[in-house]
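To start, the structure itself, in C-alpha cells.
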Amino acid sequence: MITDVRVRFAPSPTGYLHLGGLRVALYNYAFAKQNNGKFILRIEDTDQARLVEGAVENLVSSLEVMGITYDEGPEKGGEYGPYFQSQRLDIYRKYIDELIEKGHAYYCFCTKETLDEMRAEAQKEKNFFKYDRRCHRLTKEEIQAKLDAGEPYVVRLKMPDERIFTFNDLVRGEVSIDVKQVDDQVILKSDGFPTYHLAAVVDDHLMKISHVFRGEEWLSSTPKHIFLYECFGWTPPQWVHLPLILNKDKSKLSKRKNDVAVETYLEKGYNKEALINFIALLGWHPAEDRELFTMDEIIKEFSIERVNKAGAVFDLTKLEWMSRMYFRSSNLQSVADYAKTQFEKAGIDISDNDKYLRVIDKAREYITTIDQIIEHSEMYYSLGELEEKDAEMLDNEESQTVLKFMAKAYDSENVLSPDELNDITKESIKEVGIKGKKFYFPLRLALIGKGHGPDMPAIYHILGKEEFINRIKKAIK
RNA sequence: GACCCCUUCGUCUAGUGGACUAGGACUCCAGAUUUUCAUUCUGGCAACAGGGGUUCGAUUCCCCUAGGGGUCGCCA
C-alpha cells in the first residue's frame with residue numbers, strides 16, 4: 001500500500017459529468033480507497049465565461065449515483081478548503097506576487113489583438129508560436145506607469161531560455177519536452193482570475209495532492225507545472241496521464257460524435273454498475289481474463305501499472321452487452337427499485353409487491369436498458385388489444401379447441417409445479433392432436449397477448465393459478 | 001507545420017525473449033438445446049503496421065519509416 005495518498009478530481013463546472021471525467025474520477029477514487037487515502041473533489045471554476053448554472057450540483061449528483069463519493073469537497077468541506085477555486089482568489093494572488101517578486105513572472109500589457117497579430121505572423125511561417133516577451137523588457141517605471149493608468153494586464157510565467165524538461169509519468173515512463181516548445185503561459189488573466197496552470201499547481205500543493213490523474217491532453221503542459229513547483233520550492237506530485245477515450249474515428253471523444261454525458265446514459269436507462277464496469281475497462285485491465293467487476297473489485301484490483309498507454313475507442317455495443325448482463329445478474333430488489341419509475345410513468349399499478357418481483361425477475365432477462373422493462377412486463381398486468389391477424393388466429397377452430405381443452409387441463413385444486421405443468425401440457429398435446437405453433441401460439445395469445453414470450457411455467461408462476469386459468473377462459477368464444 | 005505521445009483481431013484487451021499453432025471478451029456467422037422469442041451451450045471468422053538490427057531465438061529489446069492521436073488560448 002502507498003501511504004499518504006491524496007488524490008483529486010478537478011472538473012470545471014461546464015454542465016455535466018463527461019464519460020472521460022467519470023473514468024478519471026473512478027481511477028482516482030479506486031486508487032484512494034485501495035491505499036486508504038483521501039479523494040478530493042475540487043471545482044475549477046476560474047473561467048467566468050463558461051460557468052453554467054447548476055453544473056456543480058449536477059456533477060456532484062452524477063458522481064453520487066455512480067457510487068463515487070469524495071472525502072473532501074463542496075458541501076462536505078474539509079481541512080484544505082475552500083474547494084471552489086473562485087473562492088481562493090486571494091491565495092492565488094499572493095503566490096503570483098511572489099513569482100513576480102522572484103522574477104519568475106512578469107506583467108504583460110499586450111492586448112488580445114496584438115497577440116492575435118503575432119500568432120497570425122507565426123502561422124505564416126508555420127512556426128510554433130511563442131510570445132516574444134516584449135513586455136518583459138519594460139522598465140520598472142514603465143510598468144508602474146501602466147499599472148497606475150489602470151491599463152489592463154495579465155501575468156505571465158517566465159520560462160527558462162534553455163532547458164529540456166524530463167519527468168516521470170507513472171503510465172508513460174520518462175517523458176522529455178524542450179522548453180523551446182513551451183510558451184510563457186498566462187497565469188493571471190486580466191479579470192483577476194488565475195488560469196488552470198497556476199491554480200491547479202497551487203491547490204494541488206496546498207491540498208497535499210500526492211498523485212495527479214488527468215487526461216493525456218495535459219502531457220505537453222506538464223513542464224509549465226513542474227517549473228511552477230520549482231519556482232515555489234515545492235515537490236511535484238506523481239504524474240499519471242491517462243490515455244484518451246476515443247470516438248469511432250479515433251479522435252478524442254466528443255459531443256458531436258457521441259453521447260458523452262454520464263446523465264444521458266443514465267437517462268437512457270443503462271445499468272449503472274455496468275457503466276462503471278465498462279468505463280473502468282477502457283484503458284485498464286487486470287491480468288486475468290475476467291471482465292465483470294463490482295466497484296469493490298475494481299478498488300481491489302486497480303493498479304496504475306496496468307493502465308494502457310494507447311487511447312480506447314468507446315464501443316456502445318459492448319456497453320449494451322454489459323448492461324444486459326448486469327440486469328440479469330444483479331440483485332433483484334435493486335433492479336425492481338430502479339424499474340419503479342418506469343411503471344409509474346406507464347401508469348401500471350404495482351402495489352402487489354410479490355407479483356411485481358416475479359414480473360421483474362422474468363422481464364429483466366430481456367432488457368438492455370431499464371425503459372425496455374415495460375414492454376416485457378405490461379402484459380402481466382393487463383392485456384392490450386390483439387393485432388388483427390392474432391385475433392383471427394385466436395378465433396379459429398383449432399385455437400378454440402386448444403383453449404377449451406387447456407382451460408380444463410390446467411385447472412386444479414393445488415398450485416401446479418413447473419414439472420406438473422409441463423407434464424399436463426405434453427399429455428394434452430397428444431390428446432388434442434394439435435402441436436407446435438398451432439398449440440402454443442393461441443395459448444400465448446390468450447395469456448400474454450403475443451405469440452412470443454416466456455414458457456408456460458414461467459407465465460403460470462407470474463400470473464398465479466387463478467389469473468392464468470381466467471385468461472385462457474376469457475379467450476374462449 | 002513544430003513538438004510530444006501512441007501502434008496485438010472491426011472494438012476492448014492478455015501477452016514483459018522460447019510455454020504463441022498469439023489467449024479472452026464484445027460483435028458477426030454456423031450448429032445444438034428450447035413449443036416460440038430471449039437465454040444457454042458448442043464451434044467458426046478475425047490481429048502482432050512495415051523495414052532494419054540485437055539474439056541460437058523476437059509480439060516482446062533498439063533504430064528508422066509509416067499511420068493515428070494530443071498540444072500549440074487571458075478554456076480546462
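Treat the numbers as computed from the prediction; the structure is a model and nothing was measured. Heavy-atom basis, side chains included; hydrogens, waters and symmetry copies ignored. Residue numbers start from 1 in every chain, and the chains themselves are labelled A, B, ... in the order their sequence lines are given, proteins ahead of strands.
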Under 3.5 Å, N/O pairs linking protein and nucleotides 13-15 of chain B:
unit_1	atom_1	unit_2	atom_2	d
B/U13	OP1	A/Gly283	N	2.6
B/A14	OP2	A/Asn308	ND2	3.4
B/A14	O3'	A/Arg306	NH2	3.3
B/G15	OP1	A/Arg306	NH1	2.9
B/G15	OP1	A/Arg306	NH2	3.1

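Here A/Ser176 lies in heavy-atom contact (under 4.0 Å) with sugar-phosphate atoms only. In this structure, A/Ser190 reaches the bases: a heavy-atom distance under 4.0 Å links it to at least one base atom across the strands shown. At a threshold of 4.0 angstrom between heavy atoms, the contacts of A/Glu44 are confined to the sugar-phosphate backbone, with no base atom among them. Residue A/Phe439 is out of contact with every strand shown, counting any heavy-atom pair closer than 4.0 Å.
Considering only side-chain atoms of A/Glu216, the nucleotide from B/G69, B/A25, B/C74 that sits closest is B/G69. For A/Met456, taking side-chain heavy atoms from C-beta onward, the closest of the listed nucleotides B/U35, B/A25, B/C75 is B/U35.
In this structure, the CZ atom of A/Phe314 is 17 Å from the P atom of B/C26, given to the nearest Å. If you take CG of A/Asp178 and P of B/U71, they are 20 Å apart, rounded to a whole angstrom. The distance between atom CG of A/Asp183 and atom P of B/C3, rounded to the nearest whole Å, is 17 Å.
Between B/A46 and B/G53, the distance separating the two C1' atoms is 31 Å to the nearest Å. Across B/U55 and B/A76, the matching C1' atoms stand 48 Å from one another, rounded to whole Å. Rounded to whole Å, the separation between the C1' atoms of B/G23 and B/U8 comes to 11 Å. Separation of the C1' atoms belonging to B/G69 and B/C20 is 30 Å when rounded to the nearest angstrom. Between the C1' atoms of B/A14 and B/C75, the separation comes to 38 Å (whole Å).
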- prompt: Could you write nucleotides 42-50 of chain B as a row of B, S and -, 5' to 3', where a protein heavy atom under 4.0 Å of any base atom gives B, of only sugar-phosphate atoms gives S, and otherwise -?
  reply: ---------

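Of the residues near RNA chain B, A/Arg444 and A/Val186, the one whose nearest nucleotide (by heavy atom distance) lies more toward the 5' end is A/Arg444.
Applying the 4.0 Å criterion to OP1 and OP2 of B/A76, one finds that A/Lys189 has a side-chain N or O inside that range.
One donor-acceptor pair, N or O on each side, does fall under 3.5 Å between the base of B/A25 and the side chain of A/Lys318.
Checked by atom type and distance alone, the side chain of A/Thr195 pairs as donor or acceptor with a backbone atom of A/Val186 at under 3.5 Å.
Below 30°, between 30° and 60°, or above 60°: for A/Trp218 and A/His197 the angle between ring planes is above 60°, a perpendicular geometry.
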